[in-house]
Protein chains: 2
Amino acid sequence: MTKPPPDPSVDLGPLDSFIAFHLRMAQETALRAFITSSSQPDFRPGRFATLMIIRLNPGLSQIDVCRAIGRDKSTISPLITALEKEGLILRESSAKDRRSVTLKLTPAGEKALDALLPLVEGHDQRLDAIVGDAKPELIALLKKLTAGLS
Amino acid sequence: MTKPPPDPSVDLGPLDSFIAFHLRMAQETALRAFITSSSQPDFRPGRFATLMIIRLNPGLSQIDVCRAIGRDKSTISPLITALEKEGLILRESSAKDRRSVTLKLTPAGEKALDALLPLVEGHDQRLDAIVGDAKPELIALLKKLTAGLS
DNA sequence: TATTGTTATACTCTATAACTATA
DNA sequence: TATAGTTATAGAGTATAACAATA
């Protein structure tokens, strides 16, 4: 059976006034909606975010990517390896620090990212439509939470 | 190595204006902060939410719990089994529908939940302090997202 | 036929720890 | 000593599918 939709008829008590609870519900629901709507089996938010960050910050290292998206280096390693195998990114060892690598997109990577962008934008427009004018404030609050809890 | 803190110096481009991205960052950060601060190995948000919902809605079935927290029944089953084994909840088969069970807390379950509550409240007060007056609006927006995407 | 609950299984995401190589 | 990256491994958390019992 599939995951049932949330049922507001149940009394949530204090849960209903917890930011953390609603944060989780919204995030999970949004992720699920995204996966369903994209229907691209090989396409997960982490892939997109990584490609985008590399495009915008060519030459950064893996550890920089980790910091940007808040993951450990061991989490990023296999993803980077996969993207390289698929010919979407290039790794060169850094001249300055030979422990680290510099990352950039290949032309194929640029193309792949361009193809994904409308998909992601389409999804986020659904979210935009739901929150309406409050979007800037919502994003500001979410950023404050992320920063304030780090 | 540990997960590094988010680094705002990286250019996120369009990512920075995606609700979904910040939703994910905030939720993950909040979860991590919660686990760190509670430092109760056996205590995870899902356990707390389940106990609380059963307290407030005694007599509901497992499928009702699933709907309330947006999980599949196969996800809830082992959790309910564990809570019963620990003597925190009681299951009786429903008189009305013998396929389903009715759930309620035992006295030990009430006590366990009471012990957990301050921990959870303490954590959410951290979030409250960060968002300040905007809390009601934030929760309203998150609920709208959850409802609108279901 | 549909639903409640269980179970087996698998998948995704994540981190820790131990390692190499460099700094 | 500390950091960048790899790899092996393990642990949450989740769902799908098949099933039994019941509706």
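All values reported here derive from a predicted model rather than from experimental measurement. Note on naming: letters A, B, ... go to the chains in the order of the sequence lines (proteins, then strands), and numbering restarts at 1 for each one.
Computed from coordinates, the A:I63 CD1 to C:dA15 C1' distance equals 13 Å when rounded to whole Å. In this structure, the CG atom of A:D64 is 12 Å from the C1' atom of D:dT3, given to the nearest Å. Distance, B:D72 CG to C:dC11 P: 17 Å, rounded to whole Å. In this structure, B:L31 places its CG atom 10 Å from C1' of D:dA12, rounding to the nearest Å. Whole-Å rounding puts the B:R32 CZ to D:dA12 P distance at 14 Å. B:E84 has its CD atom 13 Å from the C1' atom of C:dG5, to the nearest Å. One atom, CD1 of B:I35, and another, P of C:dT14, lie 13 Å apart when rounded to the nearest Å. In this entry the distance linking CD1 of B:I80 with C1' of C:dT7 reads 16 Å, nearest Å.
Ion pairing between a basic and an acidic side chain is recognised when a charged N comes within 4.0 Å of a carboxylate O; B:D114 and B:K111 show no such pairing.
For DNA chain D, the neighbouring residues in residues 95-106 of chain A, judged by any heavy atom under 4.0 Å, are A:R99, A:S100, A:V101.
The shortest distance between the side-chain N/O atoms of B:Q62 and the OP1/OP2 oxygens of C:dT3 is not below 4.0 Å. Using a 4.0 Å cut-off, some side-chain N or O of A:S77 falls inside it from OP1 or OP2 of D:dT6. Checking the phosphate oxygens (OP1, OP2) of C:dA15, a side-chain nitrogen or oxygen of A:T75 falls inside 4.0 Å. For B:R44 and D:dG13, the shortest distance from a side-chain N or O to OP1 or OP2 is below 4.0 Å.
Contact of the B:P45 side chain with the B:L31 side chain is registered, since non-hydrogen atoms from C-beta on lie closer than 4.5 Å.
Its glycosidic angle being more than 90° from 0, D:dA10 falls on the anti side.
Heavy atoms only, all atoms of each residue included: B:G87 and B:A108 are closest at O-CB, 3.7 Å. Residues A:D124 and B:S17 approach most closely at OD2-O, 3.9 Å, considering heavy atoms. Contact detail for B:D16 and B:H22: the closest heavy-atom pair is O-NE2, 2.8 Å.
Within the structure, every pair that satisfies the ring-ring contact (aromatic ring centres under 6.0 Å, His included) test and touches residues 96-142 of chain B, not counting sequence neighbours, is listed here: B:F34-B:H123.
At a cut-off of 3.5 angstrom, the base of D:dT16 holds at least one donor-acceptor pair with the side chain of B:S74.
Remark: C:dC11 base-pairs with D:dG13. Criterion, Watson-Crick or G-U wobble with two distances under 3.5 Å.
Residue B:S61 is classed as a sugar-phosphate contact, given heavy-atom separations below 4.0 Å to backbone atoms only.
Partners of B:E110 by salt bridge (charged side-chain N to carboxylate O under 4.0 Å, His left out), not counting sequence neighbours, listed by chain and number: B:R55.
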